[in-house]
Amino acid sequence: MAPRTLRDPSSSHTIGFSSSTLFDPTSSPQQPPSSPPAATSTTSATPNSLDLHCLPPIFVIPAHLDSDAQDEVEEELAASHAPLTYSVHEARLFVGLVRSKKRAALELRTRGLWTEEVVREDKSVQEEVKEKVSRGREGGSEPPRKRVKVDGGVAKEDVETASETEVETASEASETESESAPSDHVPAESTIEPSKGNAEAQYAVDGSSVQLQPHPKSPAEDPPGALQFQDHLRVISLDWLRDSLKAGRVMSVGKYVVYECRAIEKPTAPQRQQTLIPRQQIQKVIPARKAQIAAQHPQSQRQQQPSSSQQILDRARADAGEGPRVNQRYHPRRTGLALDVKKPRSQLLQQTTTPEDASPTNADSGPLPPPPDWVAQHVKYACERSTPADTPNAAFVEQLKRIRLARELRDDDIGVRAYSTSIAAVAAYPHEIRAAREVLRLPGCSEKIATLWREFSGSEDGTVAEAREVDDDETLRTLRLFYNIWGVGAKAARHFSLDKGWKDLDDAVEFGWGQLSRVQQIGVKFYDEFAERIPRSETEHIVQVVREHARRVCPVDPDGIEILIVGGYRRGAETSGDVDVIVSHRKLDATMNLVEDIVAALEQSGYITHTLTLSLQGTSRGQATLPFRSSNGAGLGFDTLDKALVVWQDPEWPGKASAAETNAKNPNIHRRVDIIVSPWRTVGCAALGWSGGTTFQRDVRRYAQAVKGWKFDSSGIRDRRTGKVVDLEGPDGVGRGEGIVDAEKKVFEGLGLVYREPWERCTG
DNA sequence: GTCGA
DNA sequence: AACAATGCGCG
DNA sequence: TCGACCGCGCATTGTT
């Protein structure tokens, strides 16, 4: 980690517009303060002689003003008889500590005032374009702008600021601080709070508009009172007030204008023909509008309600109508039609082996492959069938997954569940689907999925419109960006994007760093690194390190430590998004408090850089239930797992030694590692519970519920009625000579399920 | 979106 | 301060 | 036609 000089992270001056900075001409809010913020409040001492009564209604933007400073500003204005207003809608002039258009628009927007920039006519389009280009060059808006790397990216411009941000993030994140930072400044408590200032400082630094902004264009400055542009709103820098006070006269606002705009409708559902206007063109013409347009755009998602749901269904029907011969068979209307074809269909289901119905259909037909048993028998739980990773229908599954992602981003849990079911079924189907009929007989796949398949199979490029939206729709792209932050779910992503109007990670860092939770900050910090896939070899290495540390902290019987790598790795994936590893030990008490010890040891040796969450419920309850267990004869303690979700970075790298002087930083990618500690008694449940794909897991639970009346969890099984523990692994777990996988097999067996190899649990 | 009571 | 509700992650 | 759709622990936020 880069060395850094720190200024007091908790100092408010980066944000604070304190009285002293107000009147200090040298101090610019985005620079390290030239004077401490504390000190004297000159405010009331200066009775001013300005007369601002003929100004349009003024609104003071409170952002970055502590309440004192805000009061002060308002007092000054009031003393000058300025028409202060507290309604954004009434105001025509806005003053505040705002340095960029983007920021200005955001400030107004978050107060319910949506705007679009107005460009003075003396500004040619050419200039616009030029400006855009130069802005782009500056990094203000280039597209793949890799991140927000809270550290690296900014460091170029302002090492101090950037590295400070870096430090904040790190320190906040770490009760378990173990960065190689030589400076041990951090009181671990320095949580989230201070960093807001840093984010702000950083923003000011890279805010491209800083230099560009104050284009003193219109040389014909409007005198303060003259409003040639009645409907225009102007956001002006607080410097205007400061300078006016200093000069003792009302300065023309012209050169202080940060953002000139007009109010527009909050873009809501009804603005749906907007789709017709290619967004890119808008951007080309009026680049400065970009931010607003983007911010407005979110709502346009509604526009696809008619176009996607309804229309597609309609189209589906029409589509189905096109193929008259097979129409009804393909699209039983669930009510009547299904019955109409019921006979032929059930027949078909049972003996598709025979090419009986080969004749009727069109090109994509032919004898259908024999349906697997689970299809014929409508086996609906994914845990009852084999779902290998490689499916002949991968391309279609991919489309379905995109649609599911769109549902996730729209916070449609049920839709997500529905598509997951369909995906799992399609993924389990061993033949390349050649007819919609085949889709229809899959459990969890009905009209909609069949329709999608038709669209898919009929398309040039093997895609469907609804799936393309995830990439094409700007709203969804933005949502996805935020959703991909660890610790940000659908709710928060929508909040950031739709409510706050943030458009990219920079916005989150610049405008909302302080509103992010601790783990979200970590998630942002390592956004790019967490997105990197982990090859199997690295997973193995990481687990080896975990094993060594587990042994180290288990001195009584280090050889008794047993490890199983689960998650995607166990399912055979070439790469994983994270590393999941189960640690167990045959001795019951050996696993007690083991997570904490392992985590502590790994922090100690520098592998764990952050702890995202630590679950200790198992251990604490384990202790409590021990007596309970013995007294309760049959009943075993019901331990949940202890687990640690951590950020991992290998502290060793080639050339580390020589890097000491050069301040080279650890190039190893930060990884997400989940360490699960399970008591031996339930280690089979843990293995089962951590090895399958999501849908496989859900279906294990649904199956256990529906078929057995049990409540399955990766830490054990209970009977729903009696609440008693169901022990499938033996009172002390599997015995000598048997391992974790044996325990897992017993659980399958006890559940009445055929054992599925891990690579048969790839339900997506 | 699908299934089943 | 204690508790409840919500959001999120895990597979 | 209408409800159910995994189950758990932690962290944060809201309520009293």
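In what follows, every heavy atom counts, from backbone to side chain, and hydrogens, waters and symmetry copies are set aside. In what follows, chains are A, B, ... by sequence order, proteins preceding strands, each numbered from 1.
- We find that CG of D642(A) is positioned 11 Å from P of dG9(D), with the value rounded to whole Å.
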Query raised in the report: Can you check side chain to side chain donor-acceptor pair (under 3.5 Å) on R698(A) and T694(A), steps first, answer last?
Result: CA-CA 6 Å; R698(A) 288 180 163 181; T694(A) 299; over 6 Å; no
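- Within the 4.0 angstrom heavy-atom criterion, no nucleotide atom of any strand lies near R570(A).
- With the nearest nucleotide of DNA chain D identified for both L612(A) and W710(A), W710(A) has the one nearer the 5' end.
- Within the 4.0 angstrom heavy-atom criterion, no nucleotide atom of any strand lies near A704(A).
- Look at CZ on R698(A): it is 14 Å from C1' on dT2(B), rounded to the nearest Å.
- Contact annotation for S422(A): no contact, since no heavy-atom pair falls under 4.0 Å across all strands.
- Atom CG in L616(A) sits about 12 Å away from atom P in dG9(D), given to the nearest Å.
- Of the residues in residues 750-764 of chain A, none has a non-hydrogen atom less than 4.0 angstrom from any atom of DNA chain D.
- Heavy atoms of I485(A) sit under 4.0 angstrom from primed sugar atoms or phosphate atoms, though from no base atom.
- The CG atom of L641(A) sits 10 Å away from the C1' atom of dG9(D) (whole-angstrom rounding).
- Between the side chain of R701(A) and the base of dC6(D) there is at least one donor-acceptor pair of N/O atoms closer than 3.5 Å.
- Both the sub-6.0 Å distance and the 45° axial angle are satisfied by R385(A) relative to the ring of W374(A).
- In this structure, L688(A) reaches neither bases nor backbone, as no heavy-atom distance under 4.0 Å exists between it and the strands shown.
- Rounded to a whole Å, the CG atom of L645(A) is 9 Å from the C1' atom of dC10(D).
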Requested in this report: I would like to know whether D742(A) and K745(A) meet salt bridge (charged side-chain N to carboxylate O under 4.0 Å, His left out); could you show each step before the answer?
Outcome: CA-CA 5 Å; D742(A) 298 302; K745(A) 286 181 175 164; 5.1 Å; no
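- Closest-nucleotide positions on DNA chain D for A418(A) and L614(A) were compared, and the one nearer the 5' end corresponds to A418(A).
- Here the P atom of nucleotide dG1(B) and the CG atom of L452(A) are 8 Å apart, to the nearest Å.
- If you run side chain to side chain contact (heavy atoms under 4.5 Å, CB included) between I675(A) and each of I542(A), L602(A), V543(A), D642(A), only L602(A) comes through.
- For dG1(B) and dC8(D), the P atoms lie 30 Å apart once the distance is rounded to whole Å.
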Query raised in the report: Taking it one step at a time, do E603(A) and T611(A) satisfy side chain to side chain donor-acceptor pair (under 3.5 Å)?
Result: CA-CA 9 Å; E603(A) 282 171 348; T611(A) 300; 3.3 Å; yes
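- Using a 4.0 Å heavy-atom cutoff across all strands shown, G489(A) reaches sugar-phosphate atoms only and no base atom.
- Relative orientation of the H610(A) and H670(A) rings is tilted, given thresholds of 30° and 60° on the angle between their planes.
- In this structure, R536(A) satisfies the cation-pi test against Y569(A), with its NZ or CZ atom closer than 6.0 Å to the six-membered ring centre and inside 45 degrees of the ring normal.
- Side-chain N/O atoms of R417(A) include one lying less than 4.0 angstrom from OP1 or OP2 on dC6(D).
- Within 4.0 Å of V519(A), counting heavy atoms only, lies no atom of the nucleic acid at all.
- Taking the six-membered ring where tryptophan is involved, the planes of F396(A) and F456(A) are tilted, since the angle between them lies from 30° to 60°.
- As rounded to whole Å, 13 Å separates atom C1' of dT12(D) from atom CH2 of W486(A).
- On the nucleic acid side, DNA chain C contacts chain A at distances under 4.0 Å to non-hydrogen atoms, with the end points of that region at dG7(C) to dG11(C).
- With respect to R570(A) and E757(A), no salt bridge is recorded, no charged nitrogen being found less than 4.0 Å from a carboxylate O.
- Between K711(A) and dC8(D) there is a side-chain polar atom (N or O) within less than 4.0 angstrom of OP1 or OP2.
- Checking side-chain atoms of Y527(A) against main-chain N and O of L481(A) turns up a donor-acceptor pair under 3.5 Å.
- In this structure, Q705(A) places its CD atom 11 Å from P of dC8(D), rounding to the nearest Å.
- Aromatic pair F496(A)/W502(A): ring centres closer than 6.0 Å.
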